[in-house]
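First the proteins, then the strands, lettered A, B, ... as listed; each starts at 1.
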Protein chains: 2
Amino acid sequence: MAITKNSEETKRKIISAANALFAEKGFEAVSLREITALAGANVAAVNYHFGNKEQLIDEVIVQHVLPVIEERMRLLKDSKKSSNGKPISIESILNAFIRPFLTVMNNSGQSKALFCKLSGRCMSDRGGDLPARAVKEFVAMLKEFTHTLQETIPQLPAKVLLWRLHFSFGVVAHTLMYEERFHEITNGGCGTPNLETTLQRMIDFCQGGLLAQDSPVDKMKGEVDA
Amino acid sequence: MAITKNSEETKRKIISAANALFAEKGFEAVSLREITALAGANVAAVNYHFGNKEQLIDEVIVQHVLPVIEERMRLLKDSKKSSNGKPISIESILNAFIRPFLTVMNNSGQSKALFCKLSGRCMSDRGGDLPARAVKEFVAMLKEFTHTLQETIPQLPAKVLLWRLHFSFGVVAHTLMYEERFHEITNGGCGTPNLETTLQRMIDFCQGGLLAQDSPVDKMKGEVDA
DNA sequence: GCTGCTGTAAAACATTTGTTTTAAATAAGT
DNA sequence: ACTTATTTAAAACAAATGTTTTACAGCAGC
């Protein structure tokens with residue numbers, strides 16, 4: 001009944017070490033030897049348990065990203081349930097979109113700073129490519145949020161809405177990744193807000209952005225868009 | 001009078017090759033041999049002309065980032081001049097902030113896609129660190145824009161404004177870097193807008209975000225901010 | 001024509017990388 | 001207790017990396 005030896009335990013230690021190192025230095029910049037050293041395992045363990053480095057990276061990303069996606073879907077579904085068929089507020093939608101980072105982070109056992117950095121890296125490094133396993137869920141989530149937003153802001157053209165959701169992604173990704181950097185460059189002028197405050201500020205900003213007036217672009221300049 | 005041999009020419013070819021490769025694959029992921037091969041030069045040429053890889057990266061970043069910063073300052077100054085001491089519109093400020101990417105890009109001779117990717121990498125790779133030479137100018141620009149925005153939106157607390165400028169940065173960086181990715185993931189649903197359209201959409205979004213109502217955060221939850 | 005300087009080219013350098021191989025140790029099955 | 005499968009450990013592998021060394025070519029000035 002008991003699991004053979006430390007197999008699962010070793011895998012967990014490797015993933016945990018990889019988590020921390022990938023977050024800090026990026027996926028490509030970390031060597032397998034650094035990971036296994038931190039995990040207290042042998043170099044060959046990575047290839048034995050995960051196949052190769054690429055598959056280890058995929059595993060880390062999937063384990064990191066899926067819970068956030070699932071929590072997003074859960075929050076959105078809950079909001080829908082309690083609104084009795086009426087369109088949900090933008091704030092609720094944005095909350096369901098952004099808050100999961102905080103929720104999952106607090107349940108992850110990882111340091112908050114590392115969790116945030118890893119989140120950013122999942123969106124940034126490797127050209128933002130997600131492992132095949134996670135793409136399906138990610139696309140489904142994007143569709144669900146797009147559709148829900150559409151119902152709340154029906155006057156906004158679908159394409160513009162898609163772009164603004166994309167922009168909102170940028171806000172979150174950039175904020176998660178460069179909090180430290182931001183702190184340095186403003187010489188501390190940005191303060192030291194807790195995450196709840198930062199979350200609310202992102203929601204405020206994105207809400208304003210989503211609701212902004214949609215400037216017509218001069219057609220003479222060549223709008224290729226439909 | 002003539003410069004000895006092809007010294008400057010070789011440097012230019014290396015920088016040009018590095019530009020393209022760094023944009024496509026990231027700074028760390030490109031080897032010196034790839035660069036010199038594309039440039040038609042010898043491996044040792046990089047160390048001879050630039051010292052080492054790190055200094056080459058710095059040179060590429062500086063040459064890429066400084067023109068954008070300068071153009072931003074120029075546009076902002078022009079706007080101020082033509083407003084006769086009155087606060088400038090947010091749209092003008094955002095235009096001065098974002099449009100320089102397009103202007104410099106069109107004068108760069110590089111492919112648009114590569115220029116955008118390199119811009120994103122300058123903000124993303126290496127933890128967003130800028131070379132020492134560029135930090136001063138960047139900070140000065142940030143201060144100038146913050147100050148100008150402050151005059152236009154005096155009712156917004158300084159810290160909140162700083163954060164919203166940070167968010168705007170995220171919008172631009174993310175959009176520049178992941179246009180392709182966005183196209184794939186929406187299955188083309190985002191359309192194929194030209195850059196002028198995308199620019200206007202970013203301005204609209206950020207303007208909405210900057211003007212958004214500033215939600216008070218529940219102090220009981222522990223606002224560390226001042 | 002020699003000397004010195006600048007730029008180029010090829011080769012060699014020591015490290016580090018991901019991965020495989022080989023062998024030993026441990027647990028489970030019968 | 002013997003066998004088998006699973007997991008770990010150490011060593012070896014080939015390939016690639018940034019950098020340095022060495023040698024050679026072109027051009028200047030005295």
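There is a side-chain donor-acceptor pair under 3.5 Å between B/Asn194 and B/Thr197. Looking at B/Ser119 and B/His64, their side chains do bring a donor and an acceptor atom within 3.5 Å of each other.
In this entry the distance linking CZ of A/Arg12 with P of D/dT7 reads 14 Å, nearest Å. A/Lys13 places its NZ atom 13 Å from the C1' atom of D/dT7, with the value rounded to the nearest Å. Rounded to whole Å, atom C1' of C/dT19 lies 15 Å from atom CD1 of A/Ile57. With rounding to whole Å, B/Asn52 atom CG is found 8 Å from D/dT20 atom P. One can place NZ of A/Lys11 at 11 Å from P of D/dT8, the figure rounded to the nearest angstrom. If you measure from atom CD of A/Glu8 to atom P of D/dT6, you get 13 Å, rounded to the nearest angstrom. Atom pair A/Ile14:CD1 and D/dT7:C1' shows a separation of 11 Å (rounding to whole Å applied).
Formation of a donor-acceptor pair under 3.5 Å by the A/Thr36 side chain with backbone atoms of A/Leu32 is found in this model.
A sub-4.0 Å separation between OP1 or OP2 of D/dT8 and a side-chain N or O of A/Thr10 is present.
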task = Verify side chain to side chain contact (heavy atoms under 4.5 Å, CB included) between B/Phe27 and B/Ile61, making sure each step is shown before the conclusion.
result = CA-CA 10 Å; B/Phe27 298 112; B/Ile61 295 180; 3.7 Å; yes
Side-chain donor-acceptor pairs under 3.5 Å in residues 131-145 of chain B, sequence neighbours left out?
from     : atom 1 : to      : atom 2 : distance (Å)
B/Arg133 : NH1    : B/Glu59 : OE1    : 3.2
B/Arg133 : NH2    : B/Glu59 : OE1    : 3.4
B/Glu144 : OE2    : B/Lys80 : NZ     : 2.6

May I have the list of side-chain donor-acceptor pairs in residues 17-26 of chain B shorter than 3.5 Å, sequence neighbours left out?
from    : atom 1 : to       : atom 2 : distance (Å)
B/Asn19 : OD1    : B/Gln110 : NE2    : 3.4
B/Asn19 : ND2    : B/Ile15  : O      : 3.0
B/Glu24 : OE2    : B/Lys117 : NZ     : 2.9
B/Lys25 : NZ     : B/Glu34  : OE1    : 2.9

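Residues from residues 28-50 of chain B that place a heavy atom under 4.0 Å from any atom of DNA chain C, listed by number: B/Arg33, B/Asn42, B/Ala44, B/Tyr48, B/His49.
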